[in-house]
Structures are given as structure tokens and as C-alpha cells.
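Single-structure report; data block below.
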Amino acid sequence: MAVLALLTGCSGEEPSLRESSPVQWEACDTLFGTENMTSLRDVLDAGELRFSNTPLSVDRMRDQLTEEVVEWTPAAKYYSLNEYAPCSLSGRTQFYTTVEWAKDTLPAVRSSSSPWRHSGGDIYVDDRSVGQSQDVDVIFPCQVSGAVSAQQERIPLEVRLRAESGVVSSELHEQMVVSLVRSLGGTLKCTNNPTVPDDLKLGR
């Protein structure tokens, strides 16, 4: 009877975040690194930490992103570029991530009237942070095997990370940005091998 009571008591326990959301957990660790994700979960956790994005594996996102640009041609007037949310968490505040092929071309990003700032290497940053909101967009060229050569300049890759600075430190936020960009470069096997500096000079 004692064993039965113990088993009954355990059956009512809530599954861990990793057990309840294995796809999101793996995607986050793959894109940002286990150490960064552990630090992020620690600062966000207020007892009700959860993933706020629908399950999307890194392999599935890679396949969809690749399909989009391989099918694109310079003559295409209309084409679909989807936005993907592979890793978003809600706890003490929200941590939000998106990945997509950019609507802006690299020549437009590099123009003097552009809000984008060259941040070293192949990276361009649009820091939209206001008050306690750390809201950063990053664009970088990623030539995908099988796509036409014009794709690298016409359709670069864009990522966005948003977090609250009062909860997530600026250092951790920047580490997350750098890790995501580098991970995506490897995941998509960017043939141009984009250079990503350790210091993006965010907020400066």
C-alpha cells in the first residue's frame, strides 16, 4: 500500500519544462548553446517558466528557410518570406526570437540613409532598444547552396532578439545574439562563411 501511495503521489507532479516541451528545448540549446540557455532560464524563471512559441525543430526551420531561397529568382516580383520563431520563453519577462530572410537588400542596408549600422565582420545591426526593452535586429549575408548567386546580396538573413534589460543583462543578450547568428551560419551551411565578431557594440 505504501508503494502504491508513493506512485500515486508522483503521478500528479508536473513534468519539467524539458519533458513538456522537448522540441523547443532542443532548438533553443542548439541555437544558443546550453550554457547560455541555462543562464537565461535562471534569470527568467519565476516558477512559471514556459515556451511561448509553437514547436519548431532546427532541422525543420533549416529546410523551410533553404526551400524559400532556392526557389527564388532575381526576376521574381512577388515571393513569400516567412518569419520563424524557434525559441521564445515567458517567465519574469518575455524572451522573443525570430529568424527570416530579410526584406532589405544588402545594398540598401549599407546605404548612408539606412538605420542599419555596420558592427564588424559581415554583421549589420539595427538596435531598436528603448527603456527597459532590448530589441536588436541583425542582418548578415548567407549564401545557400543551390540558390542563385544574387541571393546573398538580395536576400540576406535577418534575426531579432528581444528581452527586458532589467532581467536579462546586456552581456547575456549580446552573447545570445552572437551565438544565434553563428549557429544559423552553420545550420544553413552558408557558403560565404560570414564573419561574426564577438563584440557587436550593442547600445554603443
Chi angles and distances behind the side-chain contact (heavy atoms from CB on, under 4.5 Å) call for Val178, Ile123:
CA-CA 10 Å; Val178 171; Ile123 304 301; over 6 Å; no
Would you please name every residue forming a ring-ring contact (aromatic ring centres under 6.0 Å, His included) with Phe32, sequence neighbours left out?
Phe95
Would you sort out whether Arg182 and Asp198 count as a salt bridge (Lys or Arg N to Asp or Glu O under 4.0 Å), showing the intermediate values?
CA-CA 10 Å; Arg182 287 176 174 167; Asp198 293 327; 2.6 Å; yes
Return the minimal non-hydrogen interatomic distance between Pro115 and Asp126, and the atom names on each side.
O-OD1, 4.0 Å
Less than 4.5 Å apart, any side-chain heavy atom of Thr34 and any of Thr38?
yes
Count I, L, V, M, F, W, Y as connected when their side-chain heavy atoms are under 4.5 Å apart, and connections chain through other members. Are Leu161 and Tyr96 then in the same cluster?
no
Hydrophobic clusters here meaning ILVMFWY residues chained together by side-chain heavy-atom distances under 4.5 Å, can you tell me if Val109 and Val177 are in one?
no
Taken to the nearest 0.5 Å, the spacing of Glu83 CD from Lys103 NZ works out to 7.5 Å
Tell me if the CD atom of Glu26 is crowded by more than 12 foreign heavy atoms within 6.0 Å.
no
Indicate yes or no for a side-chain donor-acceptor contact from Thr195 to the backbone of Gly121 under 3.5 Å, with no hydrogens or angles considered.
no
Sidechain N-carboxylate O distance under 4.0 Å for Asp137, Arg128:
yes
Say whether Tyr124 and Arg110, considering side chains only, have a donor N or O and an acceptor N or O under 3.5 Å apart.
yes
CG-SG distance between Leu180 and Cys87, expressed to the nearest 0.5 angstrom:
9.0 Å
Using a strict 4.0 Å threshold on nitrogen-to-oxygen distance, state whether Asp135 and Arg160 make a salt bridge.
yes
Donor-acceptor pair, distance only, cut-off 3.5 Å: does the side chain of Asp127 make one with the backbone of Val136?
no
About how many Å separate SG of Cys142 and CG of Leu184, when rounded to the nearest 0.5 Å?
8.0 Å
Between Gln24 and Asn53, do the side chains contain an N or O donor and an N or O acceptor separated by less than 3.5 Å?
no
Is the number of heavy atoms from other residues, nucleotides or ligands within 6.0 Å of CD (Gln64) greater than 12?
yes
Check whether any side-chain heavy atom of Leu200 sits under 4.5 Å from a side-chain heavy atom of Gln175, and report yes or no.
no
Does some side-chain heavy atom of Ser183 sit less than 4.5 Å from a side-chain heavy atom of Thr30?
no
Can any side-chain N or O of Glu164 pair as donor or acceptor with the backbone N or O of Gln134 at less than 3.5 Å?
no
Ser52 OG to Gln94 CD distance, which is reported to the nearest 0.5 Å
5.5 Å
Quick one: do Leu56 and Val23 satisfy side-chain contact (heavy atoms from CB on, under 4.5 Å)? Show the steps, please.
CA-CA 7 Å; Leu56 176 65; Val23 175; 5.7 Å; no
Which pair of heavy atoms, one from Arg162 and one from His173, lies closest together, and at what distance?
N-NE2, 4.3 Å
Between Glu68 (side chain only) and Leu65 (backbone N and O only), is there a donor and an acceptor less than 3.5 Å apart?
no
Note: Arg62-Asp59 ion pair, threshold 4.0 Å (strictly below):
yes
Pair Asn82, Trp101: side-chain N/O donor-acceptor within cut-off below 3.5 Å
no
What's the separation between atom CG in Leu106 and atom CD1 in Ile155, rounded to the nearest 0.5 Å?
11.0 Å
Any Pro86 side-chain heavy atom under 4.5 Å of Val99 side chain
yes
Looking only at heavy atoms, what is the nearest atom pair of Ala102 and Glu158, with distance?
CB-OE1, 3.6 Å
Taking side chain as C-beta onward, heavy atoms only, is Cys28 less than 4.5 Å from Met37?
yes
Report the distance from atom CZ of Arg41 to atom CG of Leu17, rounding to the nearest 0.5 Å.
7.0 Å
Identify whether Met176 and Phe51 are in the same connected component of the hydrophobic contact network (ILVMFWY, side-chain heavy atoms under 4.5 Å).
yes
Specify the closest pair of heavy atoms between Ser114 and Ala108, including all atoms of both residues, with the distance to one decimal.
CB-O, 3.3 Å
Closest approach of Pro141 to Asn192 (non-hydrogen atoms, all atoms of both residues):
O-ND2, 2.9 Å
Examine distances only and state if a side-chain atom of Gln151 and a backbone atom of Val144 form a donor-acceptor pair shorter than 3.5 Å.
yes
Given side-chain contact (heavy atoms from CB on, under 4.5 Å), test Arg92 with Leu49 step by step and report yes or no.
CA-CA 8 Å; Arg92 293 171 61 194; Leu49 189 63; over 6 Å; no
Looking at every heavy atom in both Trp116 and Ile139, which two are closest together, and how far apart are they?
CZ2-CD1, 3.3 Å
Pair Asp45 + Arg50: basic N to acidic O under 4.0 Å
no
